[in-house]
Amino acid sequence: MSKVAVIRKAHFNSAHRLHNPEWSEEMNKKVFGKCNNPNYHGHNYDLEVKVIGEVDPLSGYVIDMKILKDLIEDHVLQRFDHKNLNLDTEEFRNLNPTAENIVLVIWNILRSRLEDQYDLHIRLYETERNFVEYPA
Ligand code: NI
């Protein structure tokens, strides 16, 4: 059997502040630069969700795109779009909302809602040029 990757793109806007409360103000500024701005700043995040699996001989699908689209909308976009990640979300109340941590959180949210037969890979663009992937 041949495995095929099905990829759905999504987009959300969120505000965040990168900050480690254990560090001094000076250290935070040094490590996080502008992203440590106390009054937050926004990003236009682009998300690519890749689901890999066997093609079902009956439907010809790996996964119904509608199901994947709804999963992303209901559990990722509803939660993070037009939100301040630090203030408005449970996930990042005590977790620094770096692209790395955001991709891990999104992967865990979707992994728990996808059947085990699928492999899941996620790519998150924080800017056009800066993006992260999980699993690495
Ligand atoms: Ni930032």
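Computed from heavy atoms alone, side chains included, the values below leave out hydrogens, waters and symmetry copies. Read the numbers this way: they start at 1 and go in the same order the structure lists the ligands and their atoms.
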Query raised in the report: Does a sphere of radius 6.0 Å around OH in Tyr61 hold more than 12 heavy atoms from other residues, nucleotides or ligands, not counting ones at 6.0 Å or beyond?
Result: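 Incorrect, the count does not exceed 12.
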
Query - His43, N/O/S atom nearest the Ni ion (ligand 1) - result: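 Sorting the N, O and S atoms of His43 by distance to the Ni ion (ligand 1) puts NE2 first.
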
Requested in this report: Among the N/O/S atoms of His41, select the one at the shortest distance from the Ni ion (ligand 1) and name it.
Outcome: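 For His41, the N/O/S atom sitting closest to the Ni ion (ligand 1) is NE2.
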
Query - Identified side-chain contact (heavy atoms from CB on, under 4.5 Å) counterpart of Lys9 within the set Lys69, Arg123, Glu48 - result: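 The passing option is Glu48.
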
Requested in this report: For this output row, return yes or no: ring centroids of Tyr45 and Phe80 closer than 6.0 angstrom.
Outcome: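 No, too far apart.
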
Query raised in the report: Under the 3.5 angstrom rule, does the side chain of Asn96 hit a backbone N or O of Thr98 as a donor-acceptor pair?
Result: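 Between the backbone of Thr98 and the side chain of Asn96 there is no qualifying donor-acceptor contact (under 3.5 Å).
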
Report task. With the Ni ion (ligand 1) at the centre, find the angle made by SG from Cys35 and NE2 from His16, to 10°. Result ->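 The two atoms form an angle at the metal of about 130°.
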
